[in-house]
Amino acid sequence: MSNSPHIHGRRRTAAALSLATVLALTATACGADGTGGSGAEGSGKGTITFWDNNGGVRTAVWQEIIKDFEAANPGIEVTYVPVPSEDVQSKYDTAIAGGGLPDVGGVGAAYLANMVAQDALEPVGDRIKGSALDGKLVPAMVDSVTSAGGRADEMYSVPTSASNGTLYYRTDLFKAAGLEPPTTWDRFYAAAEKLTDAGDNKFGYTIRGGAGSIAPALDAMYGQSGITSFWEGEKTTVNDPRNVAALEKYVGLYKRTTPAADVNNDFKKMVAQFDTGTIGMLSHNLGSYTDHVKALGKEKFAGLPNPVGPDGKRVQVSNPVDGLGLFRTSKNKAAAWKFIEFAASRESNSKWNESAGAIPANKEAQSDPWVREAEATRLGAQALTDGSTTIVELPYYLPDWNKISKADNEPNFQKVLLGRMTPKQFLDTLAEQLDAARAEWNEQNAR
């Protein structure tokens with residue numbers, strides 16, 4: 001790979017380049033080939049390319065980490081490429097097919113299996129064992145990315161953070177209305193009704209109807225139904241009658257206690273509505289915690305894990321663990337690994353997760369003071385580790401999971417909100433696709 005201009009000089013111009021241009025330049029400079037070759041260890045020096053899988057949202061903190069890394073490793077320069085989260089899988093798929101993969105990239109568990117199935121990623125388990133990260137990563141997150149890779153006990157991603165579903169609510173609006181925190185589903189629905197005054201453009205809840213709508217819908221379904229497993233034998237439980245009833249109740253909020261525009265809401269629009277408008281509650285994940293703090297301060301909102309059911313038990317679906325992947329075609333894997341090791345170290349991992357409000361994958365970083373002070377993060381971490389919550393593990397190991405849960409069914413969920421498809425029809429369709437994907441995966445792994 002030929003040396004590129006130093007990142008600090010490039011930052012002023014990177015925003016002006018289209019992503020397609022940046023990717024094309026990366027492919028030319030690196031000579032990466034997504035279809036052949038296994039790369040090389042390289043000298044451990046020179047330039048490496050890093051794709052941020054949540055570009056824009058996390059650009060500032062990554063630039064800080066890169067600056068720290070380059071100062072600690074003067075022989076290595078990092079070319080930073082921001083890829084918006086909604087585009088990342090398609091960009092990786094395009095680069096795998098046609099060339100232009102980076103040396104290192106952010107890889108979420110939701111599309112990890114798809115990339116592993118295409119042999120795009122280098123195994124990292126042995127590298128971890130011989131590094132400063134050995135024994136420092138949260139076992140549950142290691143297990144999660146290992147399972148999501150879909151190839152037995154091999155790891156194809158170094159975990160960096162975890163999140164979970166969070167119900168944010170406006171404590172000031174709840175107090176003014178004499179409402180208790182929405183710690184139960186009954187309180188959630190009662191608050192959605194009481195905080196709504198559509199004539200005054202005030203709504204109790206904002207529902208996610210656009211990109212990324214399936215995960216919060218599943219979280220609401222399983223949270224209410226109390227079903228604790230995604231599979232029963234070889235069949236999925238998504239269309240269990242209890243889940244159908246739960247989804248019917250949840251989507252019944254649309255346009256009654258939510259804005260009509262919610263049918264097109266992605267997380268950015270939802271967060272903006274909650275932070276600047278008069279929305280009482282928002283279901284998202286820990287990733288927007290710091291946005292709410294900046295907009296509202298810590299006194300006007302709070303974040304809770306999913307409400308509990310009538311039996312006092314909390315059920316949530318798993319959120320994909322985020323991580324960093326080392327690409328098989330890299331010509332400088334030694335330098336790329338140094339960057340991954342640095343980014344997952346206590347100081348860098350703590351810095352990134354504090355910026356995101358997420359749960360660090362580095363065990364030492366989890367004990368840093370900011371985790372205790374960020375209430376939503378602290379409660380989220382407890383929900384995942386203290387036994388109070390049953391986590392329904394979504395099948396990220398299915399290579400088609402992300403396609404099924406996004407491209408195939410986000411448009412269908414909008415049809416449900418608009419009354420053009422019933423919740424049962426939607427869930428039966430989703431179940432049929434998931435059962436077929438599971439059967440195919442079982443057949444392939446039986447060979």
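None of the values given here were measured: they were computed from a predicted structure.
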Peer 1: Would you sort out whether Asn53 and Asp322 count as a side chain to side chain donor-acceptor pair (under 3.5 Å), showing the intermediate values?
Peer 2: CA-CA 9 Å; Asn53 61 336; Asp322 206 13; 3.0 Å; yes
Peer 1: Just by distance, with hydrogens left out, do Asn353 and Gln366 show a side-chain donor and acceptor under 3.5 Å apart?
Peer 2: no
Peer 1: Is any NZ, NE, NH1 or NH2 atom of the basic residue among Arg256 and Glu193 found under 4.0 Å from an Asp or Glu carboxylate oxygen of the other?
Peer 2: yes
Peer 1: Could you check Gln433 against Asp400 for side chain to side chain donor-acceptor pair (under 3.5 Å), going step by step and ending with a plain yes or no?
Peer 2: CA-CA 9 Å; Gln433 294 168 339; Asp400 286 339; over 6 Å; no
Peer 1: Using the side-chain contact (heavy atoms from CB on, under 4.5 Å) definition, which of the options Val107, Val145, Asp143 pairs with Val321?
Peer 2: Val145
Peer 1: So among Asn243, Thr237, Asp240, which one has a side-chain hydrogen bond (donor to acceptor under 3.5 Å, both in side chains) with Ser225?
Peer 2: Asn243
Peer 1: Measure the acute angle between the ring planes of Tyr189 and Trp185, then classify it against the limits of 30° and 60° as parallel, tilted or perpendicular.
Peer 2: tilted
Peer 1: Kindly indicate whether the side chain of Ile65, heavy atoms from C-beta on, has any atom under 4.5 Å from the side chain of Lys351.
Peer 2: yes
Peer 1: Quick one: do Asp266 and Lys268 make a salt bridge, cutoff under 4.0 Å?
Peer 2: no
Peer 1: Can you establish whether the number of heavy atoms outside Lys363 located under 6.0 Å from its atom NZ is more than 12?
Peer 2: yes
Peer 1: Please tell me whether Phe267 and Phe274 form a close aromatic pair, meaning their ring centres lie under 6.0 Å apart.
Peer 2: no
Peer 1: Does atom CG of Asp153 have more than 12 heavy-atom neighbours, drawn from other residues, nucleotides or ligands, at distances under 6.0 Å?
Peer 2: no
Peer 1: Would a 4.5 Å heavy-atom cut-off, applied to side chains only, mark Trp231 and Pro395 as touching?
Peer 2: yes
Peer 1: Between the side chains of Thr59 and Tyr80, is a donor N or O closer than 3.5 angstrom to an acceptor N or O?
Peer 2: yes
Peer 1: So that I know where these two stand, are His284 and Tyr168 an aromatic pair - ring centroids less than 6.0 Å apart?
Peer 2: no
Peer 1: Just so I know, are the side chains of Val271 and His292 near enough to count as touching, which here means a heavy-atom distance under 4.5 Å?
Peer 2: yes
Peer 1: Just so I know, are the side chains of Val315 and Asn306 near enough to count as touching, which here means a heavy-atom distance under 4.5 Å?
Peer 2: no
Peer 1: Are the side chains of Ile227 and Glu232 in contact, using a 4.5 Å heavy-atom criterion?
Peer 2: no
Peer 1: So, do Val293 and Phe301 sit near enough that their side-chain heavy atoms are less than 4.5 Å apart?
Peer 2: yes
Peer 1: Should the pair Tyr250 and Tyr205 be assigned to parallel (<30°), tilted (30 to 60°) or perpendicular (>60°) ring geometry?
Peer 2: perpendicular
Peer 1: Going through the checks in order, is the side chain to side chain contact (heavy atoms under 4.5 Å, CB included) test met by Gln425 and Asp428?
Peer 2: CA-CA 5 Å; Gln425 289 170 333; Asp428 283 344; 5.8 Å; no
Peer 1: Indicate the ring-plane relationship of Phe339 and Trp62, choosing parallel, tilted or perpendicular according to the 30° and 60° boundaries.
Peer 2: tilted
Peer 1: Side chains of Pro159 and Val142: does their closest heavy-atom pair fall under 4.5 Å?
Peer 2: yes
Peer 1: Between Lys294 and Asp275, is there a salt bridge with N-O shorter than 4.0 Å?
Peer 2: no
Peer 1: Show your working on side chain to side chain contact (heavy atoms under 4.5 Å, CB included) between Arg346 and Asp368 and close with a plain yes or no.
Peer 2: CA-CA 9 Å; Arg346 176 177 185 166; Asp368 287 350; 2.6 Å; yes
Peer 1: Which residue is it: Leu427, Ile214, Thr429? I am looking for the one with a side-chain contact (heavy atoms from CB on, under 4.5 Å) to Asn412.
Peer 2: Thr429
Peer 1: Test side chain to side chain donor-acceptor pair (under 3.5 Å) on Asp262 and Thr206 and set out the steps.
Peer 2: CA-CA 7 Å; Asp262 280 5; Thr206 175; 3.2 Å; yes
Peer 1: Report, as yes or no, whether the 6.0 Å neighbourhood of atom CD on Glu347 holds more than 12 heavy atoms from other residues, nucleotides or ligands.
Peer 2: no
Peer 1: With Phe327, which of Trp51, Phe50, Tyr156, Tyr92 fulfils ring pair (Phe, Tyr, Trp, His ring centres under 6.0 Å)?
Peer 2: Tyr92
Peer 1: Between Asp93 and Asn114, does a side chain to side chain contact (heavy atoms under 4.5 Å, CB included) hold up when you go through it step by step?
Peer 2: CA-CA 9 Å; Asp93 286 342; Asn114 174 268; 3.0 Å; yes
Peer 1: Considering only heavy atoms from C-beta outward, does the side chain of Phe174 approach that of Arg187 to under 4.5 Å?
Peer 2: no
